[in-house]
Structure formats: structure tokens, C-alpha cells
Enquirer: 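Take a look at this one; I'll ask things after.
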Amino acid sequence: METFALRPAIYFGDDALSALEALAGKRVLIVTDDFLAHKSGLLPRVTAHLKGALTEVFSKVTPDPSLRLVAEGVRALRDFSPDAVLAFGGGSPMDCAKAMRHFSDRPGLLFYAVPTTAGTGSEVTSFAVLTDTDAGVKYPLVDDALLPDAAILDASLLAGVPGPVTADTGMDVLTHASEAYVARKANAFTDALAERAFVLAYENLIKAHAAKGEHPAKEQMLLASCMAGIAFNGAGLGANHALAHSLGGRYHIPHGRLNAMLMPHVIRFNAEEPAAAKKYAALAKACGLAPNARALSSALGRLRQSLGMPGRLTDCGVERKTVLADLEAITAAAVADVCMPGNPRSAAAAELAAIVREVL
């Protein structure tokens with residue numbers, strides 16, 4: 001028997017933020033980063049809908065939230081004793097808020113998520129990625145209890161997102177969708193969401209990247225991100241994310257940038273599996289490309305280049321000799337990653353090492 005559940009409730013379109021009025025009069029802990037809390041001008045748009053609420057802002061979130069940061073957040077949550085937690089931001093505030101709630105003594109707290117980037121899909125997933133800064137390793141935490149109760153998609157919050165962030169997060173959407181589509185646990189429901197998410201992101205990422213201010217393409221990217229999140233939450237991910245987690249924890253390169261770098265190579269590797277090759281061909285055809293995996297892989301490489309994103313680790317300031325010295329540890333972490341079992345083709349450490357060498 002297979003199962004597919006739809007959670008959380010998703011609010012989108014005009015005036016989506018009005019869904020926050022359900023928290024009126026409550027004690028609300030807002031988890032975000034310093035820029036969104038104090039410099040972006042966006043937080044007042046959120047708090048304006050929290051009529052009569054007593055709010056406290058935990059704004060210490062940094063990229064790749066660490067275990068130490070989460071521990072500090074848990075203390076802040078316990079001290080404030082809120083009725084609800086509201087995650088406001090990109091993947092890092094979402095992941096931090098999930099972990100704070102999960103490791104507190106009140107894991108069932110009402111939880112709302114308001115994304116300000118179109119990429120992680122974290123507002124609809126049971127995943128949170130934490131970093132052990134001492135070991136230089138990213139640990140994906142997976143538990144259905146991490147799912148928010150409500151996700152609020154307001155595309156106007158993306159108006160000021162810089163182009164490089166749009167590129168990084170947008171390529172993350174494409175990776176989520178493509179990996180979910182071929183994952184071992186994929187099913188008819190996740191396939192429908194993954195395919196639609198991939199096509200939407202492929203068609204709109206360049207336009208969203210170039211756009212200044214509000215733009216319909218940014219709204220489409222936000223919807224694609226959410227759909228891809230639901231898809232991979234049900235189907236799983238694979239080698240692309242396993243390697244990105246391992247490399248990101250060690251070299252602190254943005255997650256979407258690593259995914260973009262690895263994706264064409266992982267697709268070519270997985271396409272040796274006939275069932276995966278057939279699905280990649282379907283994605284390529286849906287995007288107006290020649291219906292085969294190689295065309296899809298090449299198109300994603302061109303897309304990455306057109307966004308001005310690096311294609312190699314050395315382009316990100318990591319020395320070749322450093323990666324080669326770390327290669328055994330990198331592949332060991334990837335093999336052990338929670339995403340790896342979802343990959344459609346079995347991959348030994350030596351095969352993963354070959355992929356890493358391709359992006360040196």
C-alpha cells in the first residue's frame with residue numbers, strides 16, 4: 001500500500017497574508033534573520049496581520065543553521081512560551097524554526113510558514129537541514145512532525161530578492177522536481193506535481209531572474225517551489241541532494257548553486273537506469289526539448305550558464321587539491337545521507353567520487 005497526504009493548508013494569491021489573522025491575539029514567536037527583521041521593511045507587513053498578538057522576534061538565523069543556533073532558539077522558545085511559531089524567510093529560517101519547535105518541550109505548537117524566496121519548498125516539507133559546524137557536515141532531519149500547519153505564499157515578498165539568490169533558489173526548485181520525478185518512491189500524485197513544478201520553473205526562472213520588483217514569473221516560481229516541495233516530500237530525493245549536502249557542509253557553497261552544478265552530471269548518471277531515462281525524456285519533452293535525458297542535461301547546463309552561475313567547485317574558490325584530499329569523506333557522507341536511498345540508480349562511493357571529479 002502507498003500513501004499520499006496533503007498537508008499543510010496552503011494560502012496563495014492576492015492578500016494571502018490575511019491568513020495570518022487566525023493568529024490574532026496569540027503569543028507568536030517569529031523566527032527569521034537579521035536582514036528580514038530589521039532592514040528589509042517586510043516584517044511589518046506580517047505583523048500588521050497579527051492584530052492583538054504579543055510577538056517576539058528571534059532574528060539570529062544565519063545561512064545553514066547550526067546545531068548551536070537551534071539550541072539557542074529552543075531556549076528563546078521556552079522563555080517566551082508562545083502559542084504559535086511563525087517562520088519568515090528562506091530555507092534557513094524555516095529549517096531553524098522547524099528544529100526549534102521539534103526539540104522544544106512543545107513540538108505540537110501551531111506552526112505557520114511564510115517563505116520569502118522561491119526555492120526550498122520548506123514550507124510544505126517534513127525536512128530540516130542542520131549543520132554541525134564542528135564536523136563540517138549537514139544533517140537532514142526528517143519527521144512528519146516538522147510539517148507546518150499552514151503555508152502562506154505571497155509573491156510580493158519576493159520583489160526585492162537579488163538576482164543571484166533567485167538563481168540559486170530557482171535551480172533548487174528544478175533539482176527538487178527532477179529528483180522527485182525519478183525517485184524510487186515516486187507515484188502518480190508526486191509525478192503530477194513534480195512535472196508541473198519542473199516545467200513552471202524551467203519556463204519562468206530566466207524571467208524571474210531578470211525581473212525587478214514584482215513580476216508574474218516570480219509568482220510562478222513560488223508556486224513551482226511549493227509544488228516541488230510537496231512532490232519530494234512524498235517521493236524522496238537522491239544523489240544530487242546527497243552530494244550537495246556533503247559538499248555544502250564542508251565548503252559552505254550555497255545549496256542551490258551546488259545543486260545546479262551537479263544536476264546535469266547526476267541526470268546523465270541516473271539515465272543509465274532505463275526507467276529513469278524514460279522519465280527524464282518525458283520532462284525534456286514537456287519543456288519543448290528533444291525527448292531524451294542528454295537533451296535535458298545539456299539544457300540545464302545552458303540554463304545554469306545563462307544565469308551566470310559557476311559550473312565547477314574551483315569556480316567557487318575551492319582548490320582542486322583540497323577536494324581530492326577530502327574526496328573519501330565527501331563520498332562517505334553522501335552515501336550515508338538520508339536522501340541517497342531515493343536515488344533511482346544505486347551509487348557506490350567510487351561512482352559518486354567520479355561525479356564530484358566532473359565538477360572540479
Enquirer: With a 6.0 Å cut-off (strictly less than), is the heavy-atom count around CZ of F12, excluding the residue itself, greater than 12?
Expert: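 Atom CZ in F12 is not packed in, count stays at 12 or less.
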
Enquirer: Are the ring centres of F58 and F80 closer than 6.0 Å?
Expert: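 Ring-ring flag for F58/F80: false, centres at least 6.0 Å apart.
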
Enquirer: Do the non-hydrogen side-chain atoms of H255 and T175 ever get within less than 4.5 Å of each other?
Expert: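 Of all side-chain heavy-atom pairs linking T175 with H255, none is under 4.5 Å.
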
Enquirer: Would D315 and R257 pass as an ion pair if we require N to O under 4.0 Å?
Expert: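 Answer for the salt bridge query: no.
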
Enquirer: Any side-chain heavy-atom pair from L324 and R357 closer than 4.5 angstrom?
Expert: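 Of all side-chain heavy-atom pairs linking R357 with L324, at least one is under 4.5 Å.
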
Enquirer: Check whether any side-chain heavy atom of L157 sits under 4.5 Å from a side-chain heavy atom of F88, and report yes or no.
Expert: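 Yes, side chains in contact.
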
Enquirer: Side chains of D149 and P8: closer than 4.5 Å at any heavy-atom pair?
Expert: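 Side-chain contact under 4.5 Å: no.
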
Enquirer: With a 4.5 Å limit on heavy-atom distance, are the side chains of Y251 and D326 in contact?
Expert: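 Y251 reaches D326 side chain to side chain.
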
Enquirer: With respect to I152, which candidate in V46, L17, L86 satisfies the side chain to side chain contact (heavy atoms under 4.5 Å, CB included) definition?
Expert: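 For I152, the side chain to side chain contact (heavy atoms under 4.5 Å, CB included) test succeeds with only one of V46, L17, L86, which is L17.
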
Enquirer: I'd like to check L296 versus K279 (side-chain heavy atoms, cut-off strictly below 4.5 Å). Are they in contact?
Expert: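 The answer is no; the side chains never approach within 4.5 Å.
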
Enquirer: Tell me whether M263 shares a hydrophobic cluster with V129, the cluster being built from Ile, Leu, Val, Met, Phe, Trp, Tyr side chains joined at under 4.5 Å.
Expert: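 Not linked; separate clusters.
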
Enquirer: Taking only Lys NZ, Arg NE, NH1 and NH2, and the carboxylate oxygens of Asp or Glu, determine whether D143 and K98 approach each other closer than 4.0 Å.
Expert: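 K98 and D143: not salt-bridged.
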
Enquirer: Salt bridge or not for R345 and E272, using N-O below 4.0 Å?
Expert: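 Not counted as a salt bridge, because no side-chain N and carboxylate O are separated by less than 4.0 Å.
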
Enquirer: Are the side chains of L141 and F127 in contact, using a 4.5 Å heavy-atom criterion?
Expert: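 No; the side chains remain at least 4.5 Å from each other.
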
Enquirer: May I ask you to decide if the ring planes of F4 and F189 are parallel, tilted or perpendicular, using 30° and 60° as cut-offs?
Expert: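 Rings of F4 and F189: parallel, under 30°.
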
Enquirer: Are side-chain heavy atoms of H245 and V338 found at a separation under 4.5 Å?
Expert: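 SC-SC contact between H245 and V338 ruled out.
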
Enquirer: Can you hop from L327 to I355 via hydrophobic side chains spaced under 4.5 Å?
Expert: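 They do share one cluster, since a chain of ILVMFWY contacts under 4.5 Å joins L327 to I355.
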
Enquirer: Would you please say whether a donor-acceptor pair under 3.5 Å links the side chains of S246 and D337?
Expert: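 Result is no, nothing qualifies.
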
